[in-house]
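A short write-up of the structure that comes next.
Atom set for the values below is all heavy atoms of this structure, side chains included, hydrogens, waters and symmetry mates excluded. Small disclaimer: the values here were computed from a predicted structure and weren't measured.
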Amino acid sequence: MPVLAPPTPDARLRVLAGGLAGVGAALLLVVRDPHTPGSFAVCPSALLGFACPGCGTLRATHDLLTGDLLGALSHNVLTLPALVWLGWWWLARAGATGL
């Protein structure tokens, strides 16, 4: 088993900053509902008449954060597995570095 070096203060600061940014983004998505027009910037694909996957992911993430699982799956079925994988990956990286 390889021996890992202890984490540097810079690595701890990056993990803390990333965590705070994630919490801030989640709070913004809870406060501002992306289902209402104009709550976020206008998507260029909406001007062309179709919904992009990014808009669906934004709405699905809002629905997940507010507890509407079926609403989240109706907007983008891949959002839930992607967020679970991203959370697992982030925790595995933080655990591997000893943070």
Side-chain angles (χ1 to χ4, degrees):
M1 176 175 268
V3 177
L4 297 173
T8 62
D10 184 45
R12 289 179 190 259
L13 185 62
R14 283 183 288 169
V15 170
L16 178 64
L20 289 175
V23 168
L27 286 174
L28 179 67
L29 268 177
V30 169
V31 172
R32 297 189 70 161
D33 186 4
H35 295 95
T36 59
S39 63
F40 286 95
V42 176
C43 181
S45 64
L47 297 175
L48 298 174
F50 63 93
C52 75
C55 294
T57 302
L58 189 67
R59 290 182 181 107
T61 305
H62 169 78
D63 288 342
L64 279 176
L65 291 172
T66 56
D68 185 11
L69 181 62
L70 293 178
L73 293 176
S74 71
H75 290 298
N76 191 340
V77 73
L78 296 178
T79 299
L80 184 59
L83 289 176
V84 167
W85 179 85
L86 184 63
W88 172 83
W89 178 82
W90 188 78
L91 288 173
R93 292 273 301 170
T97 58
L99 299 175

Legend entry - For S45, all residues meeting side chain to side chain contact (heavy atoms under 4.5 Å, CB included), sequence neighbours excluded: C43, F50, C52
Inset, instruction - Output all residues satisfying side-chain hydrogen bond (donor to acceptor under 3.5 Å, both in side chains) with T57, sequence neighbours left out; order by chain, then residue number. - result: N76
Inset, instruction - Please collect all salt bridge (charged side-chain N to carboxylate O under 4.0 Å, His left out) contacts where either partner lies in residues 14-25, sequence neighbours excluded, each pair once. - result: D10-R14
Legend entry - Remaining members of hydrophobic cluster (4.5 Å side-chain criterion), V31: none
Inset, instruction - On the 0 to 90° scale, with breaks at 30° and 60°, tag the H35-H62 ring pair as parallel, tilted or perpendicular. - result: perpendicular
Inset, instruction - Taking the side chain as every heavy atom from C-beta outward, state whether L69 and D63 have any atom pair closer than 4.5 Å. - result: no
Inset, instruction - Report the relative orientation of the aromatic rings in W88 and W85; use parallel for angles under 30°, tilted for 30 to 60°, perpendicular for over 60°. - result: tilted
Inset, instruction - Consider only side-chain heavy atoms of I, L, V, M, F, W and Y, link residues closer than 4.5 Å, and tell whether V15 and L91 are in one cluster. - result: yes
Legend entry - With D68 via side-chain hydrogen bond (donor to acceptor under 3.5 Å, both in side chains) - residues at least two apart: none
Inset, instruction - Answer yes if V84 and L73 sit in the same cluster of Ile, Leu, Val, Met, Phe, Trp and Tyr residues linked by side chain heavy atoms under 4.5 Å apart, and no otherwise. - result: yes
Legend entry - Of all pairs that satisfy ring-ring contact (aromatic ring centres under 6.0 Å, His included), the ones with a partner from residues 14-33, not counting sequence neighbours: none
Legend entry - In one Ile/Leu/Val/Met/Phe/Trp/Tyr side-chain cluster, 4.5 Å: W90, L16: no
Inset, instruction - Mind listing the closest non-hydrogen atom pair of H75 and G56 along with its distance? - result: CB-O, 3.5 Å
Inset, instruction - Output all residues satisfying side chain to side chain contact (heavy atoms under 4.5 Å, CB included) with L58, sequence neighbours left out; order by chain, then residue number. - result: L29, P34, F40
Inset, instruction - Scan for salt bridge (charged side-chain N to carboxylate O under 4.0 Å, His left out) pairs involving residues 34-59, sequence neighbours excluded, and state none if there are none. - result: none
Inset, instruction - Could you list the residues that satisfy salt bridge (charged side-chain N to carboxylate O under 4.0 Å, His left out) with R32, not counting sequence neighbours? - result: none
